[in-house]
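Everything below concerns the one structure shown next.
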2 protein chains.
Amino acid sequence: MRTLSTIEHEERKRRLLQAVIHQYIKTGKPVGSAFLAGGRSLDLSPATIRNVMGELEREGYLTHPHTSAGRVPTDKAYRFYVDSLVDLQRLAIKEEERIRQEHESRIREINELMLSTSKTLSVLSNYTGFVTAPGVDQSRLQHMELIPLDAHRLLAVMVSDTGVVKHRQVVFEGPYPRELLEPLEQTLNQRLRGQPFTRVRETLLDHIEAIHQRQMDMLEFARHVTEEAFAPGESADIYVEGAGNILSLPEFSGPDDLRQLVHVLDEKRALGDLIREEWGVQGSGARFPAVRVSIGSENRSPDMKNVSLISSCYTLGDRQVGVLGIIGPKRMEYSRMMNLVNQMAQAVTTALNRMVGGPHE
Amino acid sequence: MRTLSTIEHEERKRRLLQAVIHQYIKTGKPVGSAFLAGGRSLDLSPATIRNVMGELEREGYLTHPHTSAGRVPTDKAYRFYVDSLVDLQRLAIKEEERIRQEHESRIREINELMLSTSKTLSVLSNYTGFVTAPGVDQSRLQHMELIPLDAHRLLAVMVSDTGVVKHRQVVFEGPYPRELLEPLEQTLNQRLRGQPFTRVRETLLDHIEAIHQRQMDMLEFARHVTEEAFAPGESADIYVEGAGNILSLPEFSGPDDLRQLVHVLDEKRALGDLIREEWGVQGSGARFPAVRVSIGSENRSPDMKNVSLISSCYTLGDRQVGVLGIIGPKRMEYSRMMNLVNQMAQAVTTALNRMVGGPHE
DNA sequence: TTTTGGCACTCCAGATGTGCGAGTGCTAAT
DNA sequence: ATTAGCACTCGCACATCTGGAGTGCCAAAA
């Protein structure tokens, strides 16, 4: 029989590995040599396959659960698999339609958009879907309003250019100078429009003496309002849906793995940090690979060593303002899921830009 | 031996039942006659105890998991047990302190109050804690503001007397008459202040012709704003914390029970309805029993047949505006938990009233 | 009449054993 | 380089066994 060149050999190995992973993803059970020999794409005997699998195991792509079980892909194998999925072949039109239908109905507010998005992700993937709301870090103040509530409380309403509305009560010990409300509001709007949220507080406190031109009263008033309104608050607006889905998977039978996972989902703050970290590292500089995949131990959090995270970001203009994605088992249909996440990211981007731009822009 | 009167007999039975439940709550394992005989409070032989337990079983208070296991309390037994816990003896001062400390720090906004409350409940109980935000049904509109965003969008901000702020974008097809903003705002505030939220929409739409006095333009404008601003939106503001806690309990080992439960917690909307229903039935009319307990099958939802729900409501003035509580296994330390929930309800009531009333009232 | 000790009985839980099948690794033949 | 064949290894499912915990009932004691 003809001698195989090293290149051909490697190529075959790769094909075999893909077959193993593919099969394992489908069934979730360790896959043995006999089965693969049965499939038509590889035309080899079980014995040969065994040899190759042996190699792959030595190179760290496969493992045995125990001596006489089939092979199971390692994280390294998944990584290889995902990397080779550059194609990202278009979803069948049908599925694309499905996404639209499921998602596009009645979203008018940011809040609804987030809710709808996480739910859609969860339903279509059958795993856990999440979205982070447009981050305060990335947004700029567009408008600010001070609404008097009573003699010693007023409500500061802040609207960001991403369409997110935040509000905050400002409480005074005694009655505040009501007549200064409007002038202050004007000043604030003048100075703050377009400022990134993160800096708004310091900038303003730094330059607040400029207000002094008017009145001594105003100074204290302005300072207090600023302090309170822009005090760092609860962050981590993250929407999670379908946490239950993931629990019904066979691989999470042990109550230990399971609890870990729920713990992650429970601690939304932590989850938010994790996701932001994932996307924060390399800024929007790199021509973005659109969809990122973290497999098992590649994740920062050890609690997520048994799951994979597929995420993408959505943008407003050219700023990436939020992240969305799904959390599922390591063995999942990566190509479909990556597509789903990708589509959703685009959908959200579109929706967001239209919402903020208004219907006529 | 002396004859026992029926009364004495019943009394003993009761004591025995309590002992069984108590023990089962502690250990989670079926309790047998021998064990109870060992305890000093009952001074009876195992045989006698068996007899009595037999009776209790026939009356539906106890069951066998299988022929030769100890007895396990039924829902009926738990109900009995809870009903007999009228005492609600004060928590040890220490624990009361703990609640204060854990909870009272830095809550200034309703949102933070809710967050902090559910978290506190969860941490102190080690189960799952929840709070429903002050219901829209129970609140009245206190103030309303219309903030122009751009040529065809404005933001309606509504403040309820419970301190909850809602906002909503109103989008116009074309530009709206900006000069009518202030008059409309005034009119709205005049007519709507003090109206219950639930009715605000119809009332206004009914009487909207009254505005007609001014201008024809105004009519359409006002109608559109009203429609959009008060359109029924996402309801179910419910905060849930510590969903993970409950999963680590031995009784939820089977993935089936477990998934049910997570499902409930996942579907916050459903959970909210459930809870509201629980408290909606008999209005605030009855001198309120402060803390309510639903055990297993007493719950409306079949998904909750394996857990108990301990809840109480908090009030603003004399209106009960929200519900809080914990979800835990049927076998839990009812007296302690009921106390906890009770305390928390009082704490939230205090905080809420102070917040809304302001620091000087 | 009530309580109690005794006893037979039941049934689960855990330990132990067995056969089977799936899958491997190696070697010798092709 | 590939393949067939074969011995070997384990885990899994199943049956079997056994100890113990707990019951129900009965007859004796209080």
Distance check needed: [N] [atom2] versus [X] [atom1], whole Å only.
X: Leu44(B); N: dG5(C); atom1: CG; atom2: P; result: 11 Å
X: Phe35(B); N: dT23(D); atom1: CZ; atom2: P; result: 13 Å
X: His64(B); N: dA21(D); atom1: NE2; atom2: P; result: 16 Å
X: Ile49(B); N: dT23(D); atom1: CD1; atom2: P; result: 10 Å
X: Met53(A); N: dT2(D); atom1: CE; atom2: C1'; result: 16 Å
X: Glu10(A); N: dA1(D); atom1: CD; atom2: P; result: 13 Å
X: Glu57(A); N: dG25(C); atom1: CD; atom2: C1'; result: 11 Å
X: Leu62(B); N: dG22(D); atom1: CG; atom2: C1'; result: 14 Å

With [X], which residues qualify under side chain to side chain contact (heavy atoms under 4.5 Å, CB included), at least two apart?
X: His22(A); answer: Tyr81(A)
X: Ser297(B); answer: Asp75(B)
X: Thr120(A); answer: Glu102(A), His103(A), Ser116(A), Leu124(A), Met344(A)
X: Phe35(A); answer: Gln23(A)

- Neighbours of DNA chain C within residues 15-29 of chain B, by heavy-atom distance under 4.0 Å: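 Listed by number, there are none.
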- Item | side chain to side chain donor-acceptor pair (under 3.5 Å) against Ser68(A), all qualifying residues, sequence neighbours excluded |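 Partners of Ser68(A) under the side chain to side chain donor-acceptor pair (under 3.5 Å) test: none.
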- Task: Please name all residues satisfying side chain to side chain donor-acceptor pair (under 3.5 Å) with Ser294(B), sequence neighbours left out, ordered by chain then number.
- Result: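 By the side chain to side chain donor-acceptor pair (under 3.5 Å) rule, Ser294(B) matches Glu278(B).
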Do any N or O atoms of the protein come closer than 3.5 Å to N or O atoms of nucleotides 5-14 of chain D, and which pairs are they?
{"from": "dG5(D)", "atom 1": "O6", "to": "Arg50(A)", "atom 2": "NH2", "distance (Å)": "3.3"}

- Message: Run the ring pair (Phe, Tyr, Trp, His ring centres under 6.0 Å) test against Tyr127(A) and tell me which residues pass, sequence neighbours left out.
- Response: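 Tyr127(A) satisfies ring pair (Phe, Tyr, Trp, His ring centres under 6.0 Å) with no residue once adjacent residues are dropped.
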Is any side-chain N or O of [X] closer than 4.0 Å to OP1 or OP2 of [N]?
X: Arg71(A); N: dA22(C); answer: no
X: Thr48(B); N: dT3(C); answer: no
X: Arg12(A); N: dA1(D); answer: no

- Pair Lys76(B) + Glu59(B), salt bridge at N-O below 4.0 Å: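 No.
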- Which sits closer to the 5' end of DNA chain D, Asn51(B) or Gly70(B), going by the nucleotide each is nearest to?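 Final value for this comparison: Gly70(B).
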- Pair Gln18(B), Ser84(B): side-chain N/O donor-acceptor within cut-off below 3.5 Å: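 A donor-acceptor contact under 3.5 Å links the two side chains.
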